[in-house]
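Residue indices begin at 1 and follow the sequence shown. Side chains included, hydrogens not; waters and symmetry mates left out as well; all remaining heavy atoms used.
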Amino acid sequence: MFGAKMTAATGLRHQQFRLDTIANNIANANTTGFRGSRVDFKDAMYLTGMVPGTARSPEGNQQRGHGVLVAATTMDFRSGSLLVTDRDLDFAVAGNGFFTLGDLDGNLFYTRNGAFDISVEDEGRFIVNANGLYLLDTNGERIMVPDNAQTISVDHAGTMRFFHHEDEFGLEEPVTIAIYMFRNKMGLYAAGDGVFTETVASGERFPADGEIVQGAVEGSNVNLSEQMTLMIRTQRAFQLVSRALTTADEMEALANNMRR
């Protein structure tokens with residue numbers, strides 16, 4: 001009976017983990033650039049036992065499982081719908097690719113959240129995200145906005161130009177927003193706040209073929225109907241495992257209370 005309790009306990013623990021993941025997906029259904037996750041399971045180790053008094057053979061093998069384990073938490077990188085904002089500093093990637101961000105220490109980050117703003121610093125005005133990470137160009141440099149720029153224009157290739165109302169040809173030289181892709185997106189490390197970092201599993205980055213859309217951001221790719229359905233299924237599985245645990249406890253109590 002102790003083995004039955006431990007097996008049921010693995011089911012309770014990991015179904016709870018799945019419920020937590022679903023809850024996180026639902027909570028971020030309106031988060032810009034959010035990528036949903038799913039939990040994949042696998043069998044726990046099996047114990048091989050043989051029927052006493054019989055020859056060792058496949059027919060006499062009595063395998064006993066030990067429950068379930070989490071195999072992986074897989075990120076869903078399907079594109080979300082584009083939400084039109086008409087802001088000059090809102091960008092979305094149509095197709096493959098991630099915006100490249102950097103901090104002052106030289107660390108690189110990648111995101112699909114294209115909601116940016118301007119940070120006024122001693123060195124100049126830079127385009128940053130909500131957490132202060134700098135948007136980088138194809139040269140790996142922070143994109144600086146001229147002081148007298150009043151309008152920012154970005155075409156589908158990511159070329160950014162700055163305009164003053166009195167200068168129809170643009171100010172300074174245009175820059176190109178860097179967007180990159182990875183061989184294995186599933187291998188990216190989720191650093192929080194909608195940003196990812198490169199890992200050995202993701203492979204090295206390479207230029208992406210996606211197009212940039214100005215005046216729009218990419219919404220979450222969470223499908224609420226799918227998540228609600230999955231939540232109900234997970235709750236039913238949790239209830240079933242709870243019943244198995246209760247049954248094992250009742251059987252053990254019956255054995256303990258037996259009298260000769």
A side-chain contact here means heavy atoms from C-beta on lying under 4.5 Å apart; do [X] and [Y] qualify?
X: V175; Y: E141; answer: no
X: F77; Y: F98; answer: yes
X: V217; Y: L82; answer: no

- Task: Say whether V128 and L89 are linked into one hydrophobic cluster, either directly or through other cluster members, by side-chain heavy-atom distances under 4.5 angstrom.
- Result: no
- Do we see a donor-acceptor contact under 3.5 Å between the side chains of N223 and Q227?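 Looking only at side-chain atoms, Q227 and N223 do not form any donor-acceptor pair under 3.5 Å.
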- Does the side chain of S220 come under 3.5 Å of the side chain of N28 through a donor N or O and an acceptor N or O? no
- Message: Pair T176, D137 - check side-chain contact (heavy atoms from CB on, under 4.5 Å), show working.
- Response: CA-CA 5 Å; T176 302; D137 61 17; 5.7 Å; no
When you measure from the side chain of [X] to the backbone N and O of [Y], does any donor-acceptor pair fall under 3.5 Å?
X: N221; Y: D76; answer: yes
X: T111; Y: G194; answer: yes
X: D103; Y: D105; answer: yes
X: T234; Y: L230; answer: yes

- Message: Quick one, F99 with R112, criterion side-chain contact (heavy atoms from CB on, under 4.5 Å). Give me CA distance, side-chain angles, the key distance, then yes/no.
- Response: CA-CA 6 Å; F99 294 106; R112 295 279 291 192; 5.8 Å; no
- How about R243: does its CZ atom have over 12 heavy atoms from other parts shown lying under 6.0 Å from it? no
- If you draw a 6.0 Å radius around CG in N131, do more than 12 non-hydrogen atoms from other residues or ligands fall strictly inside? yes
- Spatial distance of atom OG (S119) from atom CG (N129) [nearest 0.5 Å]: 10.5 Å
- Answer yes if the ring centres of F182 and Y110 are under 6.0 angstrom apart, and no otherwise. yes
